[in-house]
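Quantities reported herein were computed from a predicted structural model and do not represent experimental measurements. Chain letters run A, B, ... following the sequence lines, proteins first, then strands; residues in each count from 1.
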2 protein chains.
Amino acid sequence: MEEKPARQARTQPTIYDVALACGVAPSTVSRAFSRPGRVNAETAERIRTVAAELGYRTNPLARALPTGKTDLLALVIADATNPFFFEIIRGAEEAASEGGYTMLVVDAQESVEAERQALNRTLPLVEGLVLATSRMSDSAIRVAAKQRPTVVLNRVVTDLPSVVTDNPRGMRRAVEHLAELGHTTLTYVAGPEASWVDGMRWRSMREAAFELDIKVRRLGPFAPTLAGGLAAAEKLRQQPSSAAIAYNDLVAIGMMRGLARMGARLPEDVSVVGFDNIFGSDFCTPPLTTVAAPLRRLGSFAVRALLDQMATRAPVLVRPALLPAQLVVRGSTTRKVRRSSAWVSASRATAGRTDPSGTA
Amino acid sequence: MEEKPARQARTQPTIYDVALACGVAPSTVSRAFSRPGRVNAETAERIRTVAAELGYRTNPLARALPTGKTDLLALVIADATNPFFFEIIRGAEEAASEGGYTMLVVDAQESVEAERQALNRTLPLVEGLVLATSRMSDSAIRVAAKQRPTVVLNRVVTDLPSVVTDNPRGMRRAVEHLAELGHTTLTYVAGPEASWVDGMRWRSMREAAFELDIKVRRLGPFAPTLAGGLAAAEKLRQQPSSAAIAYNDLVAIGMMRGLARMGARLPEDVSVVGFDNIFGSDFCTPPLTTVAAPLRRLGSFAVRALLDQMATRAPVLVRPALLPAQLVVRGSTTRKVRRSSAWVSASRATAGRTDPSGTA
DNA sequence: CAACTCGTGGCAACCGTTTGCCGGACGGCG
DNA sequence: CGCCGTCCGGCAAACGGTTGCCACGAGTTG
C-alpha cells in the first residue's frame with residue numbers, strides 16, 4: 001500500500017509527478033521531452049502517455065530559467081494605431097510561429113521614452129528583437145542590440161541587420177510616373193524629422209528629380225497622421241503645386257481630404273502619390289496612387305532573418321535587405337492640366353459649401 | 001586580499017553579486033527591492049546605490065518562477081489585420097502599463113485552431129486574459145477562464161466578466177435614423193454565423209424595427225471583410241433595398257464599393273449604415289454613417305476590469321458591462337427617394353464605364 | 001576472458017529569485 | 001534586573017525544469 005501523499009490537484013502536475021507515476025527519475029522525464037532519443041524509446045513512450053493522462057504541460061518559466069529559452073520574440077512598433085504596422089505584425093507573427101516562437105507585440109506609442117521603457121521591460125524576457133520604425137537613436141538601438149539578437153525594420157542602422165523597402169527605386173518610379181503625366185514641379189510633403197525613412201525618401205526624390213530634370217520643393221515636417229495631412233493641405237494651398245508626393249499614405253489621405261474640403265478637385269487640381277499602400281488607400285477618394293511596400297513580407301522577412309541570426313549566433317544580414325516596392329497607380333494622379341490651380345482662389349468662394357468629407 | 005572569483009562580466013549581475021559587494025545576504029538584497037520597509041532604510045539605500053553601480057536588474061524569469069508574477073497580460077484578438085482592433089489594442093496597452101503590466105498581443109488569425117494553440121502557448125506565461133472577439137466556443141472559453149482570470153470582450157459568456165458595446169441601443173438609434181429618413185424596409189447584411197455580435201445585432205434590429213413598424217430583411221452571412229462586403233453588394237443588387245445596415249464597417253465599405261462599381265449612386269440609391277467606426281470609415285466614399293463603438297475605452301475598460309478581478313481574486317463584473325455606442329451620421333445615409341432603385345437595371349447599361357474605385 | 005564502448009537511467013547541482021523561520025540586538029516597562 | 005516586543009539580517013528551502021557526470025549492464029572486440 002503506497003501512501004506517498006498525492007500532490008495538490010490544484011496545481012499543474014510537474015515532471016516529479018510524472019516521474020513518480022512512471023517509476024523513473026525526474027531527469028528521465030525531462031529528457032523524454034527535451035531530448036528525444038536520449039532515452040529508450042519504450043520508456044519515452046510510457047512517460048509520454050502517463051504525462052498525457054496526468055495532463056502534464058512543461059512550465060515555460062521553469063524551462064526558461066536555466067536555459068534562457070523563452071521562445072519569445074519582441075516586435076516593437078512605433079504606434080499601434082497606425083495601419084502601416086498591421087500587415088507587418090501579421091507577417092512577423094506567421095514567421096515566428098512557424099519557427100516555434102511567440103510574438104510579443106510592443107507598442108511604443110510614438111514616444112521615445114515609452115519605447116525605452118517597454119523595451120527594458122520586455123528585453124529580459126525575449127530571445128530576439130525586431131525594431132520596426134524605431135524612434136530611438138542609433139546608439140540606443142545598438143545598446144539593445146548588444147543584449148539580444150536584433151533586426152531593424154524600416155530603417156538602416158550601420159552594422160546592424162536591417163530590412164527596408166527599396167525606397168529609392170519606389171520613389172524613382174513615382175517621380176517617373178508624375179513626369180510622364182506632364183508634371184514639371186513636384187512637392188514633397190515631409191514626415192517627422194526624426195524619421196529615418198523620411199530622410200531617405202526626400203533624398204531619393206531629389207536624386208530622381210535631378211536625373212529626370214524635374215523641379216522639387218519640400219513642405220513640412222508634418223505628423224505622420226491624417227491630421228498631419230490636413231495641416232499639409234493648408235500649407236499646400238499657400239504654395240500650390242500640380243503634384244505632390246507625401247511621406248506616407250496617412251499624410252496623403254489626410255491631405256486629400258483637406259484639399260477636397262477647400263474645394264479642390266482631385267486629381268485634376270493636384271495629383272497625389274502616397275507611400276506604403278496601407279489599409280484604406282484603395283477606398284479613399286480618389287483611390288490613392290501609392291508606392292506599395294510589401295508589408296507582410298517585410299514582417300516575415302525580418303523575423304526569419306532574426307531567427308537565422310539566432311541560430312547561427314552571428315549576424316546573417318551584413319548588407320541591409322532591400323525588399324522591392326511597387327508603384328500602384330490608382331485614381332489620385334492624372335495628367336497635368338494647363339489651367340493652373342484655380343482652386344486656390346476659388347477656395348474662398350466655395351468655403352461655405354457642404355463639406356464633402358462629412359465631418360466638420 | 002580578497003580573491004573571490006569575480007563573476008563572468010558577460011552575464012547580468014544577480015542579487016548575489018550585489019550582496020557580495022555590500023557585505024549582506026542575498027535575501028536582504030531581494031527584500032531591499034521587493035519588500036521596502038522590511039530592511040533598514042540605510043541598508044536599503046546602500047544596496048540600491050551599489051545595485052545601480054553594478055547595473056543590476058531583477059530577472060523577471062527568476063522572479064516569476066516561485067511567485068507566478070510575470071506582470072504579463074494577454075490580449076487575444078481575432079485578426080491582427082482588422083482595423084477594428086487597432087484602437088482596442090491601444091486602449092488595452094495603456095491600461096495595462098498603467099497597472100504595471102505588459103501586454104502580450106496574440107493574433108488568432110480568424111482561426112479557432114490557431115487561437116487555441118496560441119492560447120495554450122501563452123496561457124502559462126500570463127497572469128490574466130482578455131479575449132477580444134474570440135471565435136472559440138463558450139465551453140473552450142470557460143476552460144481558459146478556469147486557469148487564468150479572464151475578461152471577454154465584444155461578446156457575452158454567461159458567468160464570465162464581459163465587456164460589450166451597447167448594441168441594442170446603437171442599433172435602435174440606427175434604425176430610428178433610417179426611419180426618420182423615410183425608409184420603410186431595411187436590409188441587414190449579416191456577418192459570420194459564428195459571431196456572437198452578429199446574432200446580437202440582428203436580434204436588436206428586428207426588435208427595433210418591430211417597435212418602429214419597419215420591415216426588415218436579412219442577407220448573408222458574409223465574411224467580415226471588404227471582400228465580404230463586395231459579395232454582399234452582388235446579393236443586394238438581386239434584392240434591392242433603399243437602406244441597409246451592415247454587420248460592421250468593413251462590410252459596409254466593401255459593399256459601397258461594390259455598389260458604386262455597379263453604377264449605383266450613393267447614398268441616393270442605397271443608404272448604408274455600418275458598425276464600429278473603424279479607421280477609414282470617415283474617409284471612404286461616401287463617408288460612412290456608423291454606430292461608433294468606444295474602441296479605446298473598450299480596451300482599457302476590459303483590462304481595468306481584469307486587473308480589478310486579479311486584485312480581488314473574485315469576478316468583479318457580475319453583469320456584462322455595456323459601454324455606450326453613438327450614432328455618427330455622415331454621408332452614406334439620406335432621405336429615401338421616390339423613384340425606386342434605378343441602378344439595378346441601369347447597372348447593366350453603365351457596366352462599361354470607368355470604375356470609380358480605381359481597381360479592377 | 002579482459003577491456004572497451006555504447007545505451008540508458010539516476011544523482012545532484014544549477015538557474016535567480018522569494019519567503020518562512022530563526023535569532024540577535026535593542027529599547028521599554030514592570 | 002528580567003521579560004517581552006520590535007526591528008532587522010541571515011539561513012535555507014522552495015519554484016520546476018535542464019544537464020554534466022557517473023554507474024551499470026550488455027554487447028563487441030582482440
Quiz prompt | Separation between CE of A:Met310 and CD of A:Glu127, rounded to the nearest 0.5 Å | solution = 4.5 Å

Quiz prompt | Residue B:Thr58, side-chain heavy atoms: nucleotide from D:dT19, C:dT17, D:dG17 that is nearest | solution = C:dT17

Quiz item: Base, sugar-phosphate, or nothing for A:Phe33, non-hydrogen atoms under 4.0 angstrom?
Solution: nothing

Practice problem: Round to the nearest Å and state the distance from B:Asn59 atom CG to D:dC15 atom C1'. | Solution: 13 Å

Practice problem: Take the C1' atoms of the five end pairs on each side of the helix from C:dC1-D:dG30 to C:dG30-D:dC1, get both axes, and report the angle to 10 degrees. | Solution: 50°

Quiz item: Please give, in whole Å, the distance from D:dG16 C1' to B:Leu65 CG?
Solution: 6 Å

Self-check item: Rounded distance (Å) that lies between atom C1' of C:dG9 and atom CZ of A:Arg35
Solution: 15 Å

Practice problem: Flag the pair B:Ile15 / B:Phe33 as yes when at least one side-chain heavy-atom distance between them is below 4.5 Å, and no otherwise. | Solution: no

Self-check item: Protein proximity profile, nucleotides 4-9 of chain D - base contact B, sugar-phosphate-only contact S, no contact -, cut-off 4.0 Å on heavy atoms
Solution: ----BB

Practice problem: Whole angstrom is fine here: how far is it from CG in B:Leu125 over to P in D:dG16? | Solution: 15 Å

Quiz item: At under 4.0 Å between heavy atoms, what does A:Ser30 touch on the DNA or RNA strands: base, sugar-phosphate, or nothing?
Solution: base

Quiz item: Quick one: A:Arg63 CZ to C:dG16 C1', roughly how many Å, whole number?
Solution: 18 Å

Self-check item: Quiz item: A:Tyr16 side-chain donor-acceptor pair to D:dG17 base, under 3.5 Å
Solution: yes

Quiz item: When the distance from NZ of B:Lys69 to C1' of C:dT17 is rounded to whole Å, what number comes out?
Solution: 14 Å

Quiz item: Could you state the CG-P distance from A:Leu20 to D:dG17, rounded to the nearest angstrom?
Solution: 14 Å

Self-check item: Selected nucleotide, minimal atom distance to B:Pro66 side chain, candidates D:dC15, D:dT18, D:dG16
Solution: D:dC15

